[in-house]
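Below is one structure, written out as structure tokens, with a few remarks after it.
Just so we're clear, the structure is a prediction, and the values are computed from it rather than from any experiment.
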Amino acid sequence: MSALTQSAPAAAQSDAAPEKELRPPSYWPFVVPALVVVLAIIIFPWVFTIWMSLNEWKVGAPTTFVGISNYLRLTSDPRFLEAVGHTMVYTVLSVVLPLILGTLSAVVFHQKFAGRGFLRGIFIMPMMATPVAIALVWTMMFHPQLGVLNYLLSLVGIPAQLWVFHPATVIPSLVLVETWQWTPLVMLIVLGGLAAIPTEPYESAQIDGASFWQVFRFITLPLIMPFLFIAGMIRMIDAVKSFDIIFAITQGGPGSASETINIYLYSVAFTYYDLGYGSAIAVVFFLLIVALAAVMLYARQRMLWTEIARGA
């Protein structure tokens, strides 16, 4: 009798187990909308872009599957190769200059002086302006005859420059705009790092009689290096895909002297309406951004392990 009473609950539990296993998870109603958004906004556009890059597709003409011909065409396209070079030069300058000037600005604004908060607010105003408005203002400033920049140069005896109207100076001039706009962002990031540094190392350095440069070189700079890396990563991704400032000021000119990959992609896809070739450029451009980000992450990991090894 006791054996029968013990087997009855066991049988009931075995019958209930399959029903419990087949019950759908309770969190699916919350996950499905997110999956739909990811598929619709991220995955589907990229799958469709890759599919377009494997076809010859011009607006108004039927699509023709060409495989990797669009990608092979990139290797022999002098205008694309020139755009890659312009992109690399523009990116390097647009990362290095804001990092240097932003770090120096952060060190200055980290000091205590009268009106520091007000001057900080003035300093960060450029990055709050819209890119098109910035482009219009700087276009007027770059004007060879009427621009204020050449007027300021004339006050110190420097000849007038053509700025964005000459192939040799157009990219440095655009980098000047980029640096003016985004140096405040680097300053804010580094300023946060400076605020997180404890005061004990500085007190010890002061007791040892270290100079300002020695304190910066051996204490401040190593401790803010993670923040500089974050700022460099943000600036690199933003600069390599920069479009609005360049397009609004030069549209890739004069000629193709300031044509970056983004500008060339726009011209191919929306001026010449070659959607297949433009999609191939977009895919390669995306892989280039991923590769640059991977290199920076690898460099950061190497730096981290070197710091750990030194500490050990």
pair F118-I122: side-chain heavy atoms closer than 4.5 Å: yes
So which atom in I219 and which in P201 form the shortest heavy-atom distance, rounded to 0.1 Å? CD1-O, 3.5 Å
Minimum heavy-atom separation for F113 to F109, with atom names? CZ-CD2, 4.0 Å
Just how far is it from atom OG1 of T64 to atom CG of L54, taken to the nearest 0.5 Å? 13.0 Å
About how many Å separate CD1 of I249 and CD1 of I134, when rounded to the nearest 0.5 Å? 9.0 Å
Parallel under 30°, tilted from 30 to 60°, perpendicular over 60°: which one fits the rings of F270 and Y266? tilted
Would you check if the side chain of T87 reaches a backbone N or O of I261 as a donor-acceptor pair within less than 3.5 Å? yes
Looking at G252, is its backbone amide N or carbonyl O close enough to the side chain of S256 to form a donor-acceptor pair, meaning the two atoms are under 3.5 Å apart? no
For the backbone of P144 and the side chain of N150, can you confirm whether one donor and one acceptor N or O come within less than 3.5 Å of each other? yes
Does anything in residues 254-282 pair up under salt bridge (Lys or Arg N to Asp or Glu O under 4.0 Å), and if so which pairs, sequence neighbours excluded? R73-D274, R79-E259
Please verify the inter-ring angle class for F286 with W46; under 30° counts as parallel, over 60° as perpendicular, anything in between as tilted. tilted
Please tell me whether T63 and E56 have a donor and an acceptor in their side chains that are separated by less than 3.5 angstrom. no
For S242 versus Y90, what's the shortest heavy-atom pair and its separation? OG-OH, 3.4 Å
Donor-acceptor pair between Y202 and T220 side chains, under 3.5 angstrom: yes
Would you tell me whether Y71 and S53 have side-chain atoms, one donor and one acceptor, within less than 3.5 Å of each other? yes
Are F142 and F165 an aromatic pair, judged by ring center distance below 6.0 Å? no
Mutual orientation of the aromatic rings belonging to Y264 and F80 [parallel < 30°, tilted 30-60°, perpendicular > 60°]: tilted
For Q111 and V107, indicate whether the former's side chain and the latter's backbone hold a donor-acceptor pair under 3.5 Å. yes
Nearest-0.5 Å distance that lies between atom CE in M127 and atom CD in Q181: 10.0 Å
Show the nearest heavy-atom pair for residues V190 and A106, with the distance to one decimal. CG1-CB, 3.6 Å
Would you find a donor on one side and an acceptor on the other, under 3.5 Å apart, between the side chain of Q161 and the backbone of P159? yes
Are a donor atom and an acceptor atom from the side chains of T250 and S258 found within less than 3.5 Å of each other? yes
Heavy-atom pair of closest approach, residues L93 and P98: O-CD, 3.8 Å
Polar side chain donor-acceptor pair, Y277 to N55, under 3.5 angstrom: no
